[in-house]
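Here's the structure, in structure tokens; my notes come after.
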Amino acid sequence: MNGETSYFLPHDGLQDLIDALGHAGFVCIGPKARDGAIVYEQLDRASELPWGMRDYQSPGQYRLEVTDEKKAFAFSNGAQAIKPVLFRPRETVWKVVRNEEGKLEFKPHQPKEAPLAILGARACDLAAMAVQDKVFLHGKNIDPRYQARRENLFVVAVNCSYSSQNCFCVSAGTGPNVKSAGVCGAAGARQYDILMTEIDGGFAVECGSARGREIMVEMSLEEARSAQCSQAVQNVEHAAAMQVKRIPLDNGYGLRDLLFSNLDHPRWDEVADRCLSCGNCTQVCPTCFCHSESDRQNLDGSCSEHTREWDSCFTAGHSYLNGKIIRDDTRKRYRQWLTHKVGSWFDQFDVSGCVGCGRCISWCPVGIDLTQELAAISGESNEREKT
Ligand code: SF4
Ligand code: SF4
């Protein structure tokens, strides 16, 4: 079995994959349909996958429908995938305990956690993980909790065979093929252990690492036929061809220059009239990493917990500095979000902060579409020409 050969995993072999991951010591996280959306959570049974479910997304809209396709990955994405698995929405980072002599002891908090396997990571999710790696692993300060989860993470990537109306990974340079090279810089660091593409009756499967190979050997798969390999290629090409949206200026450094030379563009006032400053876009964005920290003490003074929690540049507290809220209106907050996401992110990380997943568009309650805002400022269309 080598990394280039494709094998065929029938749909009824998915449980064998979940079991093989379990035997190797991983807790499997995968997609399920819950509360009208695709969510990623612990997955023990292949029957829990969202069989035949398809997401319909447009600005401010997300809904699931059951199709008659017998597919486990007929959808494009849900509100979250990998980010909360590695960068938890809320977690304790250290504790202070008063010892028997009455002195304070500072203790790092790093609970022992079972290694995780994510089943169904998309190309944009892996591009976003590569961006978050730059934040939490490749800077001066490494986050030990993220690092431990990331080092143990087993990735079963699944190529998309369907794009929603809000997906624009082709123009963002991140997908829909997990293996495609991109222009935004994030695509170079794709890491997966197993890569699957859904086809009639199952999946064309490739391994991407030694431990991926071990899992595949345990499943004793047969080589995929050439017709199955061709169908896998066609299905991913279909997902690319159906994208209707694009991000202007190729999601590149030109966006940074455009935005910083248009800080007083009238479009910022126009979008501020619609934006609710709710922060949904930042919560669903797979690359946003801002967080706040707070302490919670026991009333008897015996212990205190220092907690980290996801924050948003749309909150007042995010720009509180020296007794003043610097970004004191929605115009400044939206401008901060966009100029950071696709502008100063390049200066910080040498990559765009946008991987083209479209989540911020779908989950914005008033349907603000960043590609449209960038089109209005750049004068370049956000509609993709049909290939
Ligand atoms: S900015 Fe929007 S489209 Fe881009 S990665 Fe974040 S959520 Fe996805
Ligand atoms: S752009 Fe939309 S999701 Fe983001 S803060 Fe404004 S209203 Fe909320």
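Just follow the structure's listing: the first ligand is 1, and inside any ligand the first atom is 1. Residues take their numbers from the sequence shown, with the count starting at 1. Atom set for the values below is all heavy atoms of this structure, side chains included, hydrogens, waters and symmetry mates excluded.
- At a cut-off of 2.8 Å, measuring from atom 8 (Fe) of ligand 2, the protein N, O or S atoms that fall short of it are Cys278 SG, waters left aside.
- Aromatic rings from Phe289 and Trp345 are positioned such that their centres are separated by under 6.0 Å.
- Set against the non-hydrogen atoms of Lys341, the atoms of ligand 1 under 4.0 Å away are 1 (S).
- In summary, Glu270 and Arg331 do not engage in a salt bridge, as defined by a charged side-chain N under 4.0 Å from a carboxylate O.
- Closest to atom 4 (Fe) of ligand 1 among all protein heavy atoms lies Cys354 SG, 2.4 Å.
- Atom 5 (S) of ligand 1 has its closest protein heavy atom at Val355 N, 3.2 Å.
- Counting non-hydrogen atoms of other residues, nucleotides and ligands closer than 6.0 Å to CZ of Arg274 gives a total above 12.
- In this structure, Arg327 CZ and Arg333 CZ are separated by 8.5 Å, a value rounded to the nearest 0.5 Å.
- When hydrogens are left out, the protein atom nearest atom 3 (S) of ligand 1 is Gly358 N, 3.2 Å; that is the closest non-hydrogen contact.
- In this structure, Trp310 has its ring center closer than 6.0 angstrom to the ring center of Phe87.
- Under a 4.0 Å N-O distance rule, the pair Glu105/Lys95 does not qualify as a salt bridge.
- In this structure, the ring of Phe203 has its center less than 6.0 angstrom from the ring center of His11.
- A salt bridge links Arg267 with Glu373: the distance from a Lys NZ or Arg NE/NH1/NH2 to an Asp or Glu carboxylate oxygen falls below 4.0 Å.
- Residue, atom and distance of the protein heavy atom nearest to atom 6 (Fe) of ligand 1 are Cys285 SG, 2.4 Å.
- Ligand 2 is approached by Tyr334 to a heavy-atom distance shorter than 4.0 Å.
- Look at Arg308 and Asp143 and you find a salt bridge, because one of the NZ, NE, NH1 or NH2 atoms lies within 4.0 Å of a carboxylate O, short of that distance.
- Against a heavy-atom cut-off of under 4.0 Å, Phe168 is close to the following atoms of ligand 1: 3 (S).
- Only the side chain of Leu370 comes within contact range of ligand 1, with a heavy atom under 4.0 Å; no backbone atom does.
- Under a 4.0 Å N-O distance rule, the pair Arg246/Glu380 qualifies as a salt bridge.
- Shortest non-hydrogen contact noted between Cys207 and Gly212 is CB-C, 4.1 Å.
- Within the 4.0 Å heavy-atom criterion, neither part of Trp337 lies near ligand 2.
- For atom 8 (Fe) of ligand 1, the closest heavy atom belonging to the protein is Cys357 SG, 2.3 Å.
- The shortest contact between atom 2 (Fe) of ligand 1 and any protein heavy atom is with Cys360 SG, 2.3 Å.
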